[in-house]
Amino acid sequence: MATRDSSASDRKTGTLSTAVHEHLRKLCLREFPCGTGSWNKSRFLPQRWRTWRELVPKEEETVSAQEETVETLLGLVRSTHSPWVLMKDSSAEDRFLRELAIQHPLMIKDAFFYSYFRSLRVVDKGVNLVDKDLLKFLKLEELILSANEIEEIDANNLPPTLKVLELYGNLISSMECLCSPAPPNLQHLGLGHNKLLGPLQSLYVTSNNWPKLVSLDLGFNDLTDLQSMIGGLRTLQHLRLLVLQGNPLALVPYYRGFTVDSLTRLCVLDDVTVSPSEKHQFRGLSIHGDMLAREAQFVVTIGNVRGVMDTSILDPEPGPDGPFISYSYYVTYDFVEDEEGERNAFASAMAEMQPDSVLAELDEEGHEEGQQEDQPEGPVRQPRPGGRQKTRQESPKDMSQEMSEFIAEMNLMAEDSGESGITDMEESETTISIRSAPLPQSIDSSEELSKLRPRIDARLCPSPGTVLFSTVRKPWTDVIPCNYEMKHTLKELVRVKAFLLAGTTVTIVEEKILSWPVLPTPVESPLPDKKAPKKKKEPPRELRQDPPVLRVLGSGLVYLEPLLAGETAVTTVCNFGVVRTLESDKLTNARVLRGPLSRSRSSCNSTARGRKHSSAWLTSWGE
């Protein structure tokens with residue numbers, strides 16, 4: 001007997017027995033065309049004694065006009081056009097009960113239900129309590145209570161005849177409630193998509209509780225200790241089918257090999273048959289289980305970016321006093337932050353977006369501002385792949401001290417250069433000279449300081465609990481090669497699972513930098529010599545740079561849940577739509593025909609129209 005199709009009223013049922021009785025009531029087993037009534041009363045009149053003459057067979061008597069034949073009543077519940085027909089998703093057991101209530105309505109009693117049914121399915125009915133009325137089902141062998149709100153089950157209320165118990169999609173946090181005592185004849189236990197958590201769960205998957213268990217599904221919970229779980233499963237002598245995928249413990253690279261070698265009687269693991277060659281391949285791995293690292297490893301690879309419009313064709317020609325404009329492009333993605341495994345990661349490719357990281361860079365490199373300056377053709381220091389962005393918590397005292405040092409540096413540079421009105425920030429990946437006007441001597445918080453920085457697109461900031469990584473900045477070409485590969489080693493497996501369920505955001509960013517010539521400080525020239533002066537080679541012009549202007553060209557979510565479900569790789573092409581037009585391609589082609597321009601901008605070698613997309617894929621390493 002199955003109960004489904006939940007509604008708002010079903011959510012108020014609570015107990016299992018209430019849900020079962022409510023479902024039987026909706027089947028209308030005692031109302032027309034089922035049950036007994038004026039439509040079939042002659043069939044159930046009391047029997048009387050008849051003479052032998054009355055026992056002679058006669059032609060079948062016609063039913064009165066007020067009654068219906070059994071065939072007619074059955075047609076009312078079978079016809080798809082009848083108002084008494086069951087819903088399309090009704091089970092075969094529901095249809096059987098309706099027809100039985102027409103053919104033999106006197107059998108529809110509680111005693112019949114409790115002694116007849118061997119399977120009970122109550123799915124998505126808001127059940128939160130399995131009461132003792134379940135023990136009335138004397139022959140119950142299969143109990144399906146998936147997609148309900150059960151947090152705990154009293155094992156004493158489960159019939160001892162149970163062979164199949166499914167509790168998928170509930171709120172159960174521990175298996176302890178099922179083991180006091182567990183049904184002794186249970187052969188299949190399904191606890192997937194619950195909230196099982198902690199290493200103590202391995203204590204409840206032993207042969208002491210489940211001596212006849214053949215199939216066990218614990219998938220998509222929060223189990224983290226593979227070694228202890230396998231230790232408990234080894235005692236199940238009849239176990240042949242096991243599902244552990246979707247748990248954090250299944251993210252370690254040696255998960256399948258260690259499980260297959262440890263459970264030698266296993267036939268199917270995570271819905272994949274265990275082959276003899278697989279058993280031979282991983283032979284001996286279980287001996288070194290305590291020496292295996294409990295960490296997940298991933299490799300992120302980003303391919304090429306195509307179809308990006310060359311924005312420099314829209315800029316005016318630069319004059320002798322600038323500005324000289326340069327463009328670069330890169331791809332960012334966020335990945336889960338692991339405090340233990342990534343403390344020494346590369347500096348962020350976008351550190352200028354975080355005030356704290358900017359202050360740290362200024363403290364370390366501010367004294368070198370007069371020695372390293374960018375030229376219009378490219379940065380002095382190239383960014384390193386795998387840069388990340390991370391916020392740092394500081395006390396108000398430390399923040400005030402850093403801002404005081406920052407202000408002192410700004411004033412010192414402003415006095416040396418004699419320039420005003422321009423404020424540039426130095427970042428970890430590109431060395432930028434700083435020229436600024438004198439700033440106020442007291443700033444109480446970082447809020448006022450943040451007003452001096454350009455506003456950042458929210459899509460360039462990582463989501464909570466993640467770190468932003470980026471590729472190397474590249475100039476514009478028709479196909480921008482990223483050639484990016486980054487290995488992530490993570491120990492916080494529960495956080496990794498949550499991140500894979502949420503996915504990562506891939507973003508294509510355009511960075512625009514304006515450079516200006518620095519006016520030399522006037523110096524008194526000595527008296528002219530009588531000899532003809534020799535022509536000296538003019539030094540390259542010193543340039544100062546504005547803060548980079550970042551523009552998001554496209555952003556999209558990459559789903560990573562297949563990695564959690566057992567897939568070894570996820571390959572995605574992120575298509576952000578058409579951004580190049582025929583007019584922009586004509587301008588690019590015309591610039592190529594005129595030859596190179598005397599300005600800092602990327603070149604173009606193709607005029608084909610295209611769609612901007614980046615090839616980005618993540619693979620789980622070592623599996």
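- Exactly one residue among Trp476, Tyr329, Tyr327, Tyr330 makes a side chain to side chain donor-acceptor pair (under 3.5 Å) with Glu510. That residue is Tyr329.
- In this structure, a donor-acceptor pair under 3.5 Å is present between the side chains of Tyr333 and Tyr484.
- The CD1 atom of Ile230 sits 10.5 Å away from the OG atom of Ser202 when rounded to the nearest 0.5 Å.
- A donor-acceptor contact closer than 3.5 angstrom is absent between the side chains of Asn194 and Tyr168.
- Side-chain rings of His488 and Phe335 approach one another, their centers coming within less than 6.0 Å.
- Looking at Tyr255 and Asn247, their side chains never bring a donor and an acceptor atom within 3.5 Å of each other.
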The test is ring pair (Phe, Tyr, Trp, His ring centres under 6.0 Å); show your working for Phe258 and His288 and say whether it passes. CA-CA 9 Å; Phe258 180 77; His288 308 286; over 10 Å; no
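- Considering only heavy atoms from C-beta on, Leu500 comes within 4.5 Å of Leu251 through its side chain.
- Between the Asn221 side chain and the Lys195 main chain, a donor and an acceptor come within less than 3.5 Å of each other.
- At a cut-off of 3.5 Å, with distance as the only test, no side-chain donor of Ser470 or Thr332 sits close to an acceptor on the other residue.
- At a threshold of 4.5 Å between non-hydrogen side-chain atoms, the residues Leu563 and Glu561 do not count as touching.
- Here the OG1 atom belonging to Thr224 is positioned 7.0 Å from the CG atom belonging to Leu197, to the nearest 0.5 angstrom.
- In this structure, the side chain of Thr504 engages the main chain of Asp334 through a donor-acceptor pair within 3.5 Å.
- Aromatic ring centres of His193 and Phe220 lie closer together than 6.0 Å.
- Remark: Lys279 NZ is packed, more than 12 non-hydrogen atoms of other residues, nucleotides or ligands lying under 6.0 Å away.
- The shortest side-chain heavy-atom distance between Arg495 and Phe499 does not fall under the 4.5 Å cut-off.
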side-chain contact (heavy atoms from CB on, under 4.5 Å) for Thr259 and Leu269? Distances and angles first, verdict last. CA-CA 8 Å; Thr259 305; Leu269 175 60; 3.9 Å; yes
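- Gln245 is listed as a side-chain neighbour of Val243, based on a closest heavy-atom distance under 4.5 Å.
- In this structure, the side chains of Asp217 and Glu166 stay at 4.5 Å or more apart for every pair of heavy atoms.
- Side-chain contact check for Thr489 and Glu295: no donor-acceptor pair (N or O, by modelled atom type) lies under 3.5 Å.
- Judged purely by distance below 3.5 Å, without hydrogens or angles, the side chains of Tyr254 and Asp261 never pair a donor atom with an acceptor atom.
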Using the side-chain contact (heavy atoms from CB on, under 4.5 Å) rule, take Leu216 and Leu241 through it: C-alpha gap first, then chi angles, then the decisive distance, then the call. CA-CA 6 Å; Leu216 177 62; Leu241 292 87; over 6 Å; no
Pair Leu242-Leu233, side-chain contact (heavy atoms from CB on, under 4.5 Å): steps then yes or no: CA-CA 9 Å; Leu242 176 65; Leu233 295 174; 3.7 Å; yes
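- In this structure, the side chains of Val509 and Arg551 stay at 4.5 Å or more apart for every pair of heavy atoms.
- Using a 4.5 Å heavy-atom threshold, the side chains of Leu196 and Leu218 count as touching.
- With values rounded to the nearest 0.5 angstrom, Arg256 atom CZ is found 6.5 Å from Asp270 atom CG.
- A heavy-atom distance below 4.5 Å is not found between the side chains of Val260 and Gln281.
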